[in-house]
Amino acid sequence: MSQWKDFLKSAQKQFMYGADFVSATTKFEKDALPDFQAFLELYLLISTIKDGASGILRIDATWSEFMKQIVYFSTQCFEEVHLFQPLVSGSDSDEIFLILKHSRTSRKDYFIALNSLFDNVPKEDIFGFLKSDIPNKFEKDFDNAKSLFLEIKNKTLLQIQKYMSNDTEDNLPRDMEKNIDLKLKLAEWSLPDV
């Protein structure tokens with residue numbers, strides 16, 4: 001968070017024509033605002049990547065207006081943007097990955113404006129960065145993605161709770177269902193082996 005300018009200079013020297021792929025999956029600092037950090041990582045990603053290249057950005061699923069702006073801005077910089085949470089994240093994780101495919105040349109138009117934003121505004125005061133409204137269609141798509149994400153998360157947690165409980169109608173330990181592969185379920189739910 002404090003050395004990003006040095007990192008950007010170093011990366012641009014090392015990859016003068018841009019990197020083929022960038023993965024921004026850093027661990028969030030304790031006192032950092034997750035949306036601001038995700039925004040800074042996106043800026044570093046679009047600043048160092050080649051035209052047509054792809055990247056991955058790990059963010060916290062805050063579902064805030066700021067997060068919505070970050071995802072929308074990503075769609076302006078890349079031809080394809082997908083929200084993804086791998087099974088290994090765990091059912092209680094709020095991390096989400098933006099899969100960013102085929103960077104657009106037009107993303108370079110944003111560098112100067114964003115650079116001055118990072119230079120002139122304290123991070124504690126940034127709760128968004130877009131001046132114009134986000135299109136209604138994107139707003140609906142974002143809200144649908146949020147609902148689906150939370151619905152899947154709730155279903156998974158209920159599944160885990162039901163499976164790990166020994167309660168049955170007659171209060172006897174239930175037999176493991178024959179069609180459940182315990183090792184697979186433990187891997188899916190990121191639980192330790194029994």
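A donor-acceptor pair is defined here as one N or O able to donate and one able to accept, closer than 3.5 Å; such a pair exists between the side chain of Arg107 and the backbone of Ile49. With hydrogens and angles ignored, the 3.5 Å screen pairs a side-chain donor or acceptor of Gln85 with a backbone N or O of Glu95. Under the 3.5 Å distance criterion, the side-chain polar atoms of Ser103 are matched with a main-chain donor or acceptor of Gly52.
Residues forming a side chain to side chain contact (heavy atoms under 4.5 Å, CB included) with Tyr17 (at least two apart in sequence, or on another chain): none. Taking Lys9 as the reference, nothing meets the side-chain hydrogen bond (donor to acceptor under 3.5 Å, both in side chains) condition, with sequence neighbours excluded. Contacts of Phe138 classified as ring-ring contact (aromatic ring centres under 6.0 Å, His included), with partners at least two apart in sequence or in another chain: Tyr72. Under the side-chain hydrogen bond (donor to acceptor under 3.5 Å, both in side chains) criterion, Thr62 pairs with Asp35, Ser64, sequence neighbours left out. Listed by chain and number, the residues in a ring-ring contact (aromatic ring centres under 6.0 Å, His included) with Phe15 amount to none (sequence neighbours excluded).
Checked for salt-bridge contact, Asp51 and Lys108 meet the test: a charged N lies under 4.0 Å from a carboxylate O.
Of the residues Glu80, Glu79, Lys101, the one that meets the side chain to side chain contact (heavy atoms under 4.5 Å, CB included) test with Ser54 is Lys101.
Cluster annotation: Ile152 and Phe97 are assigned to distinct hydrophobic clusters (Ile/Leu/Val/Met/Phe/Trp/Tyr, side-chain heavy-atom contacts under 4.5 Å, transitive).
Here CG of Asp143 is found 9.0 Å from CG of Asp141. Values are rounded to the nearest 0.5 Å. With values rounded to the nearest 0.5 angstrom, Thr48 atom OG1 is found 10.0 Å from Tyr43 atom OH. Distance check: His82 NE2 to Ile96 CD1 gives 13.5 Å after rounding to the nearest 0.5 Å.
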*Might you work through the side chain to side chain contact (heavy atoms under 4.5 Å, CB included) test for Leu100 and Leu42, ending with a clear yes or no?*
CA-CA 10 Å; Leu100 309 164; Leu42 177 62; 4.2 Å; yes
*Criterion salt bridge (Lys or Arg N to Asp or Glu O under 4.0 Å) on Lys68 and Glu139, from CA distance to verdict*: CA-CA 8 Å; Lys68 188 185 300 183; Glu139 293 263 3; 2.6 Å; yes
_CA sep, side-chain torsions, deciding dist, call: Phe142, Ile134, side chain to side chain contact (heavy atoms under 4.5 Å, CB included)_ = CA-CA 11 Å; Phe142 186 84; Ile134 294 174; over 6 Å; no
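Applying the salt bridge (charged side-chain N to carboxylate O under 4.0 Å, His left out) test to pairs two or more places apart or on separate chains, those with a residue in residues 11-21 are Asp20-Lys50.
Ala53 and Ala19 make their closest contact through CB-O, 3.7 Å (heavy atoms, listed as atom of the first residue, atom of the second, distance).
Using a 4.5 Å cut-off on side-chain heavy atoms (C-beta onward), Val81 and Ile99 make no contact. Between Phe78 and Leu45 there is a side-chain heavy-atom pair separated by less than 4.5 Å. In this structure, Ile59 and Leu98 have side chains that are in contact, with non-hydrogen atoms separated by less than 4.5 Å.
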